[in-house]
Amino acid sequence: MIFGPTPLAEADGAILAHTVRLKGRVIKKGSVLDGDAIAALAAEGHHSIITARLERGDVPEDEAADRLAEALRGNLLARTRAATGRVNLTAESAGLLVLDTTRIDRINGIDESLTVATLPNHTIVTAKEMVATIKVIPFAAPGAVLHLAESMARSGRPPVAVHPFRPLKVGLILTELPGIKESVMEGTVEATRVRVEALHGSLLPVRRAAHEEGATAAALRALLKDGAEMLLIAGASAVVDRRDVGPAAIVRAGGVIEHFGMPVDPGNLICLGRVGEVPAMVLPGCARSPKLNGFDWVLQRLFAGLAVTARDVMGMGVGGLLKEIEVRPLPRGEAPKAAPAGRAPRRPRKIAALVLAAGRSRRMAPLNKLLVNDATGRPMVVRVVEQVLESQAHPVIVVTGHERDAVQDALAGRPVWFVHAEDYAEGLSASLKAGLAALPADAEGVMICLGDMPLVSTAMLDRLLAGFDPEEGRAIVMPTYRGKQGNPMVWGREFLPAMLAITGDVGARHLAGKHADRVAEIEMPDDAVLRDFDTAEALAGAPGIFPARG
């Protein structure tokens, strides 16, 4: 293609490169110039114009886009009419977008004139959703280049296709151990039902079995008789080995284990197998939650009729870090604003906050440190409570003790609950137990805040709250700064009995060491979570926050 200034005498049949505005007429970019257009240009004093002129073998942009789109287009894809060198491909049905990424990369690498842009591979799409766009960059593509791209696109299955979801009947087994909560079992069923129905499947009546190989195998065989086309086992205890209860039950039912584990987090502890041709899986613990995890990726492919091999699973690591919490940070501005297809909106958790404000302030006597004003004139305890009130925690309970009336007067008018620790002089555990006893029955967890940590911001508190998820093993959440652990901490309700048994001038931190597998540490941007203000020297070390005292 020849591009550049063209004398009007030679412009007949050339393509106008830029829109030209004339008196009473606009000749748009991309127009093929004819005698009438050339005369209009000459009448307004143009002697030459920027054009593109095709050479032998060149293919006009719309024709080139049309041909490449046809070569790429696979199952259940519609296409738009070519215009300005572009054709869009849209899904004709809900399903899973399946791409041959290697061939698409090769086509994009042939020549700068041809481009193919798509949604990510294995994206769930809806009917009429655009999945790809083919754009010819210049006004024409070299014929040889287009021919090579078409040949690549047609060398095998179409590189772009939609695989519709099949209405599979899914059997779910819940294994049981003493002590497992019924609410956990019900939540697992509901999360699974939502996933299955979002992929056009249906859940057979759920079967329960003791967490034993024989009982689980018998339940698998019963589900097969019920017509199950997919088998799922949600174990009362996470699977940790190929020979664990769930995998062993699949083998005992006549099946095989094809792969254990996956490089996707959450979702690491999944076990893939089959009984005959029926897929059988032992679910990771995170599948009890509706949040996206590696099980979703496997489930979507199976519903779309794709085989999922051990090699497929081992190739999911790049992009497999799915955490949307501060433990694995994803900037909140980039986080999904709505639940992706196949997931139910998550019910907000109710987490209460305790602000411990009962201490005697012995190291700062005769002052009560909680009533020392900051640079804005707010008492320290007011500053702390206001930041907690702005967080996602609710309700906010303030535990009083020493100078009870003065603390309550300072916080007057704020929507907090007051609880008085009568035996506050016995130490921190007394304040803690008084506050815990006042927790509402429906609180799933509690954030324990210290009244002398005024630098912990609302944003930090919300990062801790976002990390709390007992179903994924994050039942205790603590902040860290450069590896050092700090406060406040979030605790699941399951730890309340142990916390209520604490005595002396100690808090609950030591309990975290006994439950390391349930702890999530969240790194904070500064040392606010390490700094309490219980001495005059500490106040003096923050002159921009607390004014100098005489």
Run the side-chain contact (heavy atoms from CB on, under 4.5 Å) test against [X] and tell me which residues pass, sequence neighbours left out.
X: S113; result: D111, P138, A141, P142, V145
X: S202; result: K169
X: R67; result: V59, E63, L146, E150
X: V245; result: H211, T216

Under 3.5 Å, sequence neighbours excluded: what are the donor-acceptor pairs made by side chains of residues 154-163?
residue : atom : partner : partner atom : Å
S155    : OG   : M152    : O            : 2.8

Inset, instruction - Run the numbers on L223 and I173 for side-chain contact (heavy atoms from CB on, under 4.5 Å), then give the verdict. - result: CA-CA 9 Å; L223 283 171; I173 299 169; 3.4 Å; yes
Legend entry - Of all pairs that satisfy salt bridge (charged side-chain N to carboxylate O under 4.0 Å, His left out), the ones with a partner from residues 122-140, not counting sequence neighbours: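 Those involving residues 122-140 do not exist here.
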Legend entry - Nearest heavy-atom neighbours spanning V240 and D244: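 So the minimum-distance heavy-atom pair works out to N-OD2, 3.1 Å.
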Counterpart residues, side-chain hydrogen bond (donor to acceptor under 3.5 Å, both in side chains), relative to [X] (two or more places apart):
X: E494; result: R518
X: T188; result: R288
X: R193; result: none

For the pair [X] and [Y], find out whether any cationic side-chain nitrogen is under 4.0 Å from an anionic carboxylate oxygen.
X: R81; Y: D62; result: no
X: R208; Y: E182; result: yes
X: R166; Y: E229; result: no

Legend entry - Check: A140 main-chain N/O paired with D58 side-chain donor or acceptor under 3.5 Å: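 Looks like no, no N/O pair under 3.5 Å.
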Inset, instruction - For the pair D462 (side chain) and Q392 (backbone), establish whether a donor and an acceptor sit closer than 3.5 Å, ignoring hydrogens and angles. - result: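 Yes: the side chain of D462 pairs with the backbone of Q392.
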Inset, instruction - Examine the side chains of T309 and D312 and answer whether a donor and an acceptor come within less than 3.5 Å of each other. - result: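 There is such a pair (donor and acceptor under 3.5 Å, judged by atom type) between the side chains of T309 and D312.
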Inset, instruction - Scan side-chain atoms only and decide if T480 and E523 contain a donor-acceptor pair under the 3.5 Å cut-off. - result: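 Checked: T480/E523 side chains pair up, N/O donor to acceptor below 3.5 Å.
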Legend entry - Results of salt bridge (Lys or Arg N to Asp or Glu O under 4.0 Å) for R493 - residues two or more places apart only: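 Checked R493 against salt bridge (Lys or Arg N to Asp or Glu O under 4.0 Å); zero matches.
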Inset, instruction - Go through the structure and list residues passing salt bridge (Lys or Arg N to Asp or Glu O under 4.0 Å) with R103, not counting sequence neighbours. - result: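 By the salt bridge (Lys or Arg N to Asp or Glu O under 4.0 Å) rule, R103 matches D100.
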Inset, instruction - Apply the test side-chain hydrogen bond (donor to acceptor under 3.5 Å, both in side chains) to residues N88 and T133: give CA-CA distance (whole Å), side-chain angles for both, the deciding distance (0.1 Å), then the verdict. - result: CA-CA 4 Å; N88 296 329; T133 186; 2.7 Å; yes
Inset, instruction - Go through the structure and list residues passing ring-ring contact (aromatic ring centres under 6.0 Å, His included) with H515, not counting sequence neighbours. - result: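 H515 satisfies ring-ring contact (aromatic ring centres under 6.0 Å, His included) with F495 only.
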